[in-house]
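Below is one structure, written out as structure tokens; comments come after it.
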Amino acid sequence: MMPPFHPEQRESSTPDWTPTPEFIATTNVAWLMQRAGVKSYEALHAWSVQYPEEYWALAIERLGIRFREPASRIMDPAAGVETPRWLPGAKLNIVDSCFTALAEATAILHQTEGGPLSVMTYRELRGLTGRVAANLRRCGYRPGDALAIFMPMTAEAVAIYLGIVAAGCVVVGIADSFRPREIATRLRLAGAVALFTQDVLIRGGKKLPLYANAVEAGAPPTIVLPAEGDISVSLRPEDCAWNDFLQGDARLEVTPREPADAVNILFSSGTTGEPKAIPWTQTTPIKCAADAHFHQNIQPGNVLTWPTNLGWMMGPWVIFASLMNRATMGLYSGAPTGREFGQFVQEAKVTILGVVPSLVKAWRTSDCLAGLDWSAIQLFTSTGECSSADDMRWLMSQAGGRPVIEYCGGTEIGGAYLTSTVARPCFAGTFNTPTLGLDVVILDEQGQPADSGEVFLLPPSIGLSNSLLNKDHHEVYFAGTPPGPGGALLRRHGDEMEALADGYWRARGRADDTMNLGGIKVSSAEIEQVLQTVPGVFETAAIAVASDGGPSQLVIYAVCPRSPVKDKEAMAAAMQGAIKRDLNPLFKIHDLVLIDALPRTASNKIMRRELRAQYQSAP
């Protein structure tokens with residue numbers, strides 16, 4: 001749904017990057033335009049939402065999705081747009097569709113911090129995936145069992161992920177930065193019966209405990225990989241080393257599944273302290289791969305790198321986006337903030353580089369990329385936070401002015417709802433299209449169409465979740481939403497967006513009590529629960545602020561009437577210590593504001609929006 005034209009809203013009328021007609025003709029979108037019989041990208045998007053079955057049929061054809069039994073149709077809408085049935089009658093295992101490339105093509109370029117650049121072919125990845133699946137079956141795990149992965153995104157982690165799915169089991173993604181309490185929560189919500197992890201995590205030359213954190217979390221039987229050489233920790237009797245688990249050779253055999261069967265359980269913060277447990281199904285990877293194909297324009301032979309983890313949706317997204325498009329994953333196991341990561345991008349000849357805006361800001365501030373050759377990059381892509389236009393222009397300059405494809409969505413979408421296309425001019429820090437197959441509408445607080453306000457999605461689409469393990473899906477996403485155009489059912493997402501000129505958009509952060517910190521989504525309640533354990537803290541409110549329109553920073557308002565610590569810096573340090581110990585060390589407190597009382601509504605809810613406005617207007 002294109003927003004109204006308001007030319008005064010955009011800071012510049014000159015695009016930062018403009019595609020030539022000759023370039024557009026080489027893109028994946030050009031193929032889709034030809035098959036859909038349309039002459040412009042705008043017409044293509046309108047067609048894709050008017051005829052969703054036709055769009056997804058062409059996407060499935062283009063990606064070469066393999067079925068063990070064909071579907072009777074693409075979508076059965078009998079249950080309504082809230083819970084449609086995708087690919088009814090089909091049997092498939094999405095891992096089949098990850099190995100359509102030539103066997104000797106490069107599947108993964110990987111490097112561990114301080115180590116050499118290594119290569120894994122599709123043949124080698126397929127072989128390791130098959131061994132993982134076979135040994136899971138040997139150990140007695142059955143289709144539908146949930147097995148967790150709590151380790152950095154290495155080549156072995158990718159094979160473990162694919163092996164779990166190939167065996168018909170379900171991956172439980174847990175970010176390697178989480179602490180025992182959060183690990184335990186995720187294991188419990190998913191009902192995990194086994195875990196894969198490393199002995200330690202190497203970052204910046206330091207060895208951080210992974211296995212020890214898993215044990216403290218009460219992990220189920222665990223398979224432990226060494227970070228380097230031999231395993232450096234003593235294992236529990238019920239646990240085993242990777243080499244002991246990985247017995248024999250086996251060709252890849254997949255277990256056919258129903259389209260609605262889960263492949264992955266991921267977690268996304270809501271407005272309460274417990275994260276939402278979101279199942280990805282056998283069809284969700286089609287959304288990942290189609291988005292990458294048509295929006296990031298990924299093609300066979302491209303090298304896709306996106307610093308991430310299997311605990312966040314972009315981890316599995318990268319697996320499916322690259323392998324299902326017969327491209328190469330570039331994996332770097334180490335801190336992405338320094339020059340060594342930039343050298344990896346150079347040596348791996350990365351063609352598509354994914355970022356979060358706070359990472360770009362860190363590179364720009366430190367100037368650690370100076371002198372590197374990133375000329376192989378064809379485009380950048382950014383997600384997780386609001387982008388600063390200046391930072392994104394700086395990023396573009398690192399590769400001779402290549403465009404940035406902004407990508408905004410969520411775990412419960414399997415990809416994006418708002419993004420960009422290389423078939424339209426790009427302005428730094430803005431989006432230039434909803435994703436193909438999805439449409440959006442912006443409403444104000446009265447539920448009326450507006451140029452700025454909360455964005456709602458217009459279902460259906462492959463990728464959109466139909467269920468949650470621990471919450472009422474309808475209540476979270478549909479209950480109480482205002483009617484859309486023509487009375488259409490709208491799906492809530494929680495982002496604030498602003499419509500600009502000519503069908504462009506700018507992100508304005510979150511409309512609810514969740515925030516994105518360094519590309520990681522977390523609820524205010526999760527942070528506030530941890531801060532309640534700090535001695536002397538009566539109550540707190542956690543908010544995210546972004547003074548320059550870029551990445552958000554964490555600000556804490558705290559009421560501490562009986563605190564033994566009167567020094568603001570000491571209290572902030574105590575709070576930071578609690579977050580590091582019990583939640584995630586990547587969440588950094590930008591500022592602490594001591595206050596006598598938190599503003600509340602008549603129903604006693606904390607008015608975080610008022611605190612954000614108050615903080616941003618302060619001198």
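On a predicted model such as this, the values are computed, not experimentally measured, just so you know. Side chains are part of it too, since the values below use all heavy atoms of this structure and drop only hydrogens, waters and symmetry mates.
Looking at Lys287, its side chain does come within 3.5 Å of a backbone N or O of Ala416 through a donor-acceptor pair. Thr421 places a side-chain N or O within 3.5 Å of a backbone atom of Ala423 that can act as its donor or acceptor partner. Side chain of Asp145 to backbone of Tyr141: no donor-acceptor contact under 3.5 angstrom is found.
Geometrically, Arg186 engages Phe178 in a cation-pi contact defined by less than 6.0 Å to the ring centre and at most 45° from the axis. Geometrically, Arg424 does not engage Tyr41 in a cation-pi contact defined by less than 6.0 Å to the ring centre and at most 45° from the axis. Taking the ring centre of Tyr477 as origin, the terminal cationic atom of Arg492 falls outside the region bounded by 6.0 Å and 45° from the ring axis.
Between Asp582 and Arg179, none of the side-chain N atoms (NZ, or NE/NH1/NH2) sits under 4.0 Å from a carboxylate O, so this pair counts as no salt bridge.
Centroid-to-centroid, the aromatic rings of Trp317 and Trp306 come within less than 6.0 Å. Between Tyr417 and His493, the distance from one ring center to the other falls under 6.0 angstrom. Taking the six-membered ring where the residue is Trp, the centroids of Phe427 and Tyr504 are separated by under 6.0 Å.
Ring planes of Tyr161 and Phe320: perpendicular class, angle over 60° (limits at 30 and 60°).
Under the side-chain contact (heavy atoms from CB on, under 4.5 Å) criterion, Asp96 pairs with Arg66, Arg68, Val254, not counting sequence neighbours.
Note on residues 452-468: no pairs pass salt bridge (Lys or Arg N to Asp or Glu O under 4.0 Å), not counting sequence neighbours. Each side-chain hydrogen bond (donor to acceptor under 3.5 Å, both in side chains) pair with one or both residues in residues 48-58, not counting sequence neighbours, appears once here: Glu53-Arg73.
Taking CD1 from Ile405 and CG from Leu379, the interatomic distance works out to 5.5 Å, rounded to the nearest 0.5 Å.
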Take Asn466 and Thr83, measure what side-chain hydrogen bond (donor to acceptor under 3.5 Å, both in side chains) needs, and give me the verdict at the end. CA-CA 6 Å; Asn466 285 345; Thr83 54; 6.0 Å; no
Walk me through it: do Asn470 and Glu274 pass the test side-chain hydrogen bond (donor to acceptor under 3.5 Å, both in side chains)? CA-CA 9 Å; Asn470 59 332; Glu274 188 170 84; 3.1 Å; yes
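Taking a 6.0 Å sphere around CZ of Arg142, one finds it holds 12 or fewer heavy atoms contributed by other residues, nucleotides or ligands.
Looking at heavy atoms from C-beta onward, Asn93 lies out of side-chain contact with Val263 at the 4.5 angstrom threshold.
A side-chain contact (heavy atoms from CB on, under 4.5 Å) with Ile174 is found for exactly one of Leu187, Ile149, Leu310, namely Leu187.
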